[in-house]
Amino acid sequence: INFVLLISRQGKVRLTKWYSPYTQKERTKVIRELSGLILARGPKLCNFVEWRGYKVVYRRYASLYFCMCIDADDNELEVLEIIHHFVEILDRYFGSVCELDLIFNFHKAYYILDEILIAGELQESSKKNVARLIAAQVGILTFVELILENPLFFMINL
Amino acid sequence: MDLSINPFSSGTRLRDMIRSIRACKTAAEERAVVRRECAAIRAAISEGDNDYRHRNLAKLMFIHMLGYPTHFGQMECLKLIAAAGFPEKRIGYLGLMLLLDERQEVLMLVTNSLKQDLNHSNQFIVGLALCALGNICSAEMARDLAPEVERLLQNRDPNTKKKAALCSIRIVRKVPDLAENYMGAAVSLLKEKHHGVLISAVQLCTELCKASTEALEYLRKNCLEGLVRILRDVSNSSYAPEYDVAGITDPFLHIRVLKLMRTLGQGDADCSEYINDILAQVSTKTESNKNAGNAILYECVETIMGIEATSGLRVLAINILGRFLSNRDNNIRYVALNMLMKAIAVDTQAVQRHRATILECVKDADVSIRKRALELVYLLVNDTNVKPLTKELVDYLEVSDQDFKEDLTAKICSIVEKFSQDKLWYLDQMFRVLSLAGNYVKDDVWHALIVLMSNASELQGYSVRSLYKALQACGEQECLVRVAVWCIGEYGEMLVNNISMLDIEEPITVTESDAVDAVEVPLKRYSPDVTTRAMCLVSLLKLSSRFPPTSERIKEIVAQNKGNTVLELQQRSIEFSSIIQRHQSIKSSLLERMPVLDEANYLVKRAASMQATFSSVKSAPAVTPGGQLKLPNGIAKPPPAPLADLLDLSSDDTPVTTSAPTTVPNDFLQDLLGIGLADSTPAGGAPSTSTDILMDLLSIGSTPAQNGPPASNFAPPGLETKPVPVAPQVVDLLDGLSSSTSLPDENAAYPTITAFQSATLRITFSFKKQPGKPQETTINATFTNLATTTFTDFVFQAAVPKICSSLFLSKSVFQFINLRLDPASSNTLPASGNGSVTQSLSVTNKQHGQKPLAMRIRISYKVNGEDRLEQGQISNFPAGL
């Protein structure tokens with residue numbers, strides 16, 4: 001997987017994760033190109049778009065498009081499963097996840113993604129294990145979350 | 001902290017910032033909010049604020065996601081990573097991965113922190129470091145930190161192991177040399193039970209195989225058994241809730257193992273045989289009613305196609321694809337088409353069986369499926385099915401989406417050109433394509449069509465009539481108009497008189513004025529590209545000669561463009577008007593049908609120009625200007641190589657004077673030079689090939705005629721006229737060119753002649769040329785006394801003609817031959833042929849190849865004190881001097 005994108009139906013970016021080097025300029029261009037390509041596609045069509053010699057596998061969940069860019073010889077059907085895997089984990093974590101959850105807790109979405117993919121490769125096929133790992137880290141994190149939410153709460157180092 | 005003064009100081013919470021950004025109605029408002037936030041964050045950074053650093057970074061990440069620049073926050077990531085606590089590190093690493101990429105040098109600064117964190121006692125901190133390293137490490141970091149990661153592969157925590165394995169993938173990608181260090185560890189990880197570790201290890205093995213053949217061999221020997229076991233276990237496993245996806249246990253692991261098996265089995269019969277059974281088992285056992293199952297089957301088919309599978313297994317795979325292809329789900333059909341592309345190499349017949357279904361997919365509503373199917377059809381075409389397939393595709397062209405027409409047209413043209421067995425069929429298909437999608441046909445395709453028609457004399461009548469009919473129906477298709485207009489101009493009388501009718505044709509009634517109408521319409525229609533209109537003008541001009549009664553009308557039509565703002569059209573209009581009006585006598589011979597175009601030559605040039613465009617896209621563009629000027633003068637030439645064009649020019653335009661029997665390649669160029677000297681206008685006819693060579697040529701032509709203006713018109717303004725003597729420049733030019741051509745042995749080429757013979761004296765000339773200087777000849781003159789008395793005070797004089805017949809050059813120049821006499825070996829010539837005197841002469845013939853050498857000689861000597869004088873003219877010089 002070369003990169004992961006979450007785009008809203010309005011074309012707003014909700015999450016981007018790049019596993020191959022793209023400059024800032026290229027990233028903006030890629031996002032613009034792909035949102036044009038993907039958002040325009042009708043509902044009954046297949047979930048794959050060929051783009052610059054790569055394939056982009058996308059799947060729409062409510063108002064969000066989850067897109068993953070893969071090489072031409074990767075397994076598109078499996079990537080659909082990976083997307084679903086990711087969504088299910090988000091769903092468990094947030095309790096029926098919605099776009100707003102991902103906007104206000106974008107960093108958490110990134111943490112979860114980092115437990116699923118590293119270097120663009122799949123890390124964990126067990127949703128339960130991902131949930132366990134995230135929960136374990138949240139335990140340590142509570143302090144930070146408090147400070148993020150409350151300006152008067154000062155940092156306590158572990 | 002003074003929160004009351006500035007509500008957007010770093011005191012704002014992340015949540016509030018996101019809210020206020022979301023509340024913005026316009027982009028300008030959003031920018032204002034972001035600017036305020038960034039200003040506050042910058043201020044906090046410069047104050048060295050520690051307490052809110054993590055929050056500021058979180059804000060920056062959000063701002064970054066919106067597309068604003070956030071580079072000023074990069075150092076904050078490093079500070080947070082260097083902090084002691086997990087929370088700061090976590091957000092620091094997240095920022096690092098988000099805000100930076102591997103090319104930024106800041107990244108190098110983090111290597112030390114990473115190293116410490118990889119050695120941390122807390123597994124989560126190690127996990128953070130591995131994740132960051134795996135996602136963004138550069139080659140240098142990979143080298144520096146590879147030992148740490150290697151060690152972590154043996155960690156007892158499975159979560160650390162799996163992260164280390166994936167991190168190793170990135171390291172090996174960046175530094176393939178390191179692959180061998182990981183082989184052993186990767187194989188031992190395959191013995192684990194934890195699926196996360198297994199899946200990561202399998203992927204690492206796949207990556208190692210890609211990086212190093214040594215690793216591939218090692219893994220073939222050492223991990224195949226483990227892989228088969230893993231796959232068997234997972235596919236036979238009873239319901240395992242933790243890994244279950246739609247009733248299948250861990251499809252991800254299935255797929256990764258199958259993929260690795262493909263890598264190992266590729267081109268290795270033993271490995272392939274070893275995994276045959278398990279592949280057969282997985283492909284028959286897996287349920288295909290859900291996406292997860294299909295994903296496994298898909299991978300399985302791909303593996304079977306990739307390895308040296310038994311034929312039974314292949315049949316199984318093809319059957320699965322057949323099932324996929326008839327599935328109603330678009331995703332499944334898409335992957336089936338994708339797979340068939342690969343299967344075609346293994347078993348063409350099996351794929352051919354699905355041709356009808358594939359052809360249906362070309363017409364699918366989904367552009368992804370259409371594209372795949374079209375590629376596949378293209379591969380399926382062969383001599384036996386080309387006609388029905390082309391018909392299907394062309395029929396579909398009529399109704400296909402506009403976006404798809406370009407691809408489809410290109411493919412159809414390519415198929416038609418590649419497989420055409422008879423010209424009539426080719427023409428019919430091309431005419432249909434031009435009618436349906438003439439706006440999408442590439443230039444080289446319709447150029448080739450014209451070349452073919454020019455060569456197929458028996459089909460020219462049919463072509464022009466078909467095109468005329470098509471033009472009436474589909475006049476808006478640009479390339480159709482061009483081809484039709486060209487044909488009407490060339491073969492107009494065949495159109496009007498129904499000449500060379502084929503059996504399949506119905507005669508049509510077209511009057512001469514109808515034909516003119518057909519060309520007039522596109523001329524008057526506005527189009528931004530002048531090519532079509534320029535071709536219309538040429539066509540009209542030709543028709544004025546073919547159909548004399550319409551001449552008056554054509555004159556008027558052509559004259560309408562005299563004031564055109566496009567120079568090309570204006571010029572054609574004015575020049576053509578003058579031909580029609582004033583040069584009736586030569587018009588018919590001037591406007592004869594084009595000579596048959598050289599098909600083979602065109603194909604060669606086409607291939608070359610395609611290669612040229614291909615390479616010019618890749619490297620720095622060395623575009624020939626001829627290519628940019630899209631104005632074919634009836635003949636459409638792709639921009640050829642400059643040298644080839646130069647040669648072409650000489651063969652077309654030179655009044656051929658190459659009488660020399662020893663025509664060597666560079667003689668050709670010399671001819672060209674000859675023109676340059678004799679007539680300073682020829683290069684004007686060159687299709688703007690302003691290459692250096694031609695420039696030189698022009699400057700040669702113009703230098704001698706410095707008083708006469710014409711030549712300088714052709715030199716671009718920036719070109720300085722070189723006030724260098726002509727000869728050396730010419731020589732230089734030839735020097736440059738002939739170095740690449742092999743020169744014949746010039747010495748042998750010219751026989752010794754008897755230049756002069758009287759009763760008492762014989763003079764023989766032998767000739768020598770310096771290689772690369774064909775204009776210069778060294779003549780060795782040998783004088784022999786035939787009388788019985790000795791000659792004394794012997795003096796030989798020679799002169800070359802002064803008058804040059806060329807009108808252009810006669811004023812300004814000079815003898816066209818330069819002569820220099822070296823001192824004679826002696827001034828005494830012994831009697832009765834008992835010895836001789838030699839003298840050498842250097843002659844430079846500046847009109848070499850055009851004018852033969854000629855020389856007048858005078859010999860004076862004394863016999864017994866008495867003056868004698870002999871003179872003569874030498875005109876029997878060998879050709880080529």
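Bear in mind that the values here come from a model prediction, so they are computed numbers and not experimental data. Just so we're on the same page: letters track the sequence lines, and every chain starts at 1.
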**Complete:** Here the pair of heavy atoms bringing L98(B) nearest to R27(A) is O-NH1, 3.7 Å

**Asked** Non-hydrogen atoms of chain B under 4.5 Å away: do they reach the side chain of H85(A), the backbone, both or neither?
**Response** side chain

**Message:** If you compare all heavy atoms of Y298(B) against all heavy atoms of D74(A), which two are closest, and at what distance to 0.1 Å?
**Reply:** OH-O, 4.4 Å

**Message:** Has R15(B) got a side-chain atom pairing as donor or acceptor with N105(A)'s backbone, closer than 3.5 angstrom?
**Reply:** no

**Request:** Test the R19(B)-F104(A) pair against the cation-pi criterion, namely NZ or CZ under 6.0 angstrom from the six-membered ring centroid and within 45° of the ring axis.
**Result:** yes

**Asked** Rounded to the nearest 0.5 Å, what separation is found between the CG atom of D114(A) and the CG atom of L130(B)?
**Response** 12.0 Å

**Prompt:** Once you round to the nearest 0.5 Å, how far does OG of S125(A) lie from CG of L253(B)?
**Reply:** 6.5 Å

**Request:** Report the C-alpha distance between K161(B) and E124(A) in whole Å, list the side-chain angles of each, state the deciding distance to 0.1 Å, and finish with yes or no for salt bridge (charged side-chain N to carboxylate O under 4.0 Å, His left out).
**Result:** CA-CA 12 Å; K161(B) 268 189 218 172; E124(A) 184 56 71; over 6 Å; no

**Item:** Separation of E121(A) CD from Q203(B) CD (nearest 0.5 Å)
**Value:** 4.5 Å

**Item:** Distance in Å, F124(B) CZ paired with L133(A) CG, rounded so as to fall on 0.5 Å steps
**Value:** 6.0 Å

**Prompt:** Just wondering, do L128(B) and Y111(A) contact through their side chains at under 4.5 Å, heavy atoms?
**Reply:** no

**Message:** With chain A as the partner, which of K371(B), R333(B), M61(B), R173(B) has the greatest number of non-hydrogen pairs under 4.5 Å?
**Reply:** R173(B)

**Request:** Check whether more than 12 heavy atoms from other residues, nucleotides or ligands sit under 6.0 Å from atom NZ of K12(A), and answer yes or no.
**Result:** no

**Under-4.0 Å salt bridge between E99(A) and R22(B)** = no

**Prompt:** Looking only at atom types and distance, does a side-chain atom of N331(B) sit under 3.5 Å from a main-chain N or O of L77(A), one as donor and one as acceptor?
**Reply:** no

**Prompt:** Using non-hydrogen atoms only, which part of K163(B) is less than 4.5 Å away from chain A: side chain, backbone, both, or neither?
**Reply:** both

**Prompt:** Judged by atom type as modelled, is there a donor-acceptor pair below 3.5 Å linking the side chain of Q123(A) to the main-chain atoms of S200(B)?
**Reply:** no

**Request:** Considering non-hydrogen atoms only, spot the tightest contact between V13(A) and M65(B) and give its length.
**Result:** CB-O, 4.1 Å

**Sidechain-backbone polar pair: S368(B) side chain, F48(A) backbone, donor-acceptor under 3.5 Å** = yes

**Asked** Considering only heavy atoms, which portion of H194(B) lies under 4.5 Å from any heavy atom of chain A: side chain, backbone, both, or neither?
**Response** side chain

**Message:** Let me confirm one number: the CG-CG distance from L45(A) to D364(B), rounded to the nearest 0.5 Å.
**Reply:** 8.0 Å

**Prompt:** Measuring heavy-atom distances to chain B, does R14(A) have an atom under 4.5 Å in its side chain, in its backbone, in both, or in neither?
**Reply:** both

**Item:** Between N338(B) and D73(A), a side-chain donor and acceptor under 3.5 Å
**Value:** no

**Message:** Please classify the contact of D244(B) with chain A as side chain, backbone, both or neither, using a heavy-atom distance under 4.5 Å.
**Reply:** backbone

**Item:** Polar contact flag, side-chain donor to acceptor under 3.5 angstrom, E302(B)-N75(A)
**Value:** no

**Prompt:** Does a sphere of radius 6.0 Å around OH in Y54(A) hold more than 12 heavy atoms from other residues, nucleotides or ligands, not counting ones at 6.0 Å or beyond?
**Reply:** no

**Request:** Inspect the contact between K290(B) and E81(A) and indicate whether a charged nitrogen and a carboxylate oxygen are less than 4.0 angstrom apart.
**Result:** no

**Message:** side chain to side chain contact (heavy atoms under 4.5 Å, CB included), that's the test. Do I118(A) and R170(B) meet it? Break it down for me.
**Reply:** CA-CA 9 Å; I118(A) 288 184; R170(B) 171 99 183 187; over 6 Å; no

**Prompt:** Per the side chain to side chain contact (heavy atoms under 4.5 Å, CB included) rule, which among N294(B), N291(B), I255(B) passes with E78(A)?
**Reply:** I255(B)

**Prompt:** Do any N or O atoms from the side chain of D366(B) and from the backbone of C46(A) form a donor-acceptor pair under 3.5 angstrom?
**Reply:** yes

**Message:** Heavy-atom pairs under 4.5 Å with chain B - which of L15(A), I82(A), V79(A), T28(A) has more of them than the others?
**Reply:** I82(A)

**Prompt:** Relative to chain A, which segment of F62(B) carries a heavy atom at a distance below 4.5 Å: side chain, backbone, both, or neither?
**Reply:** both

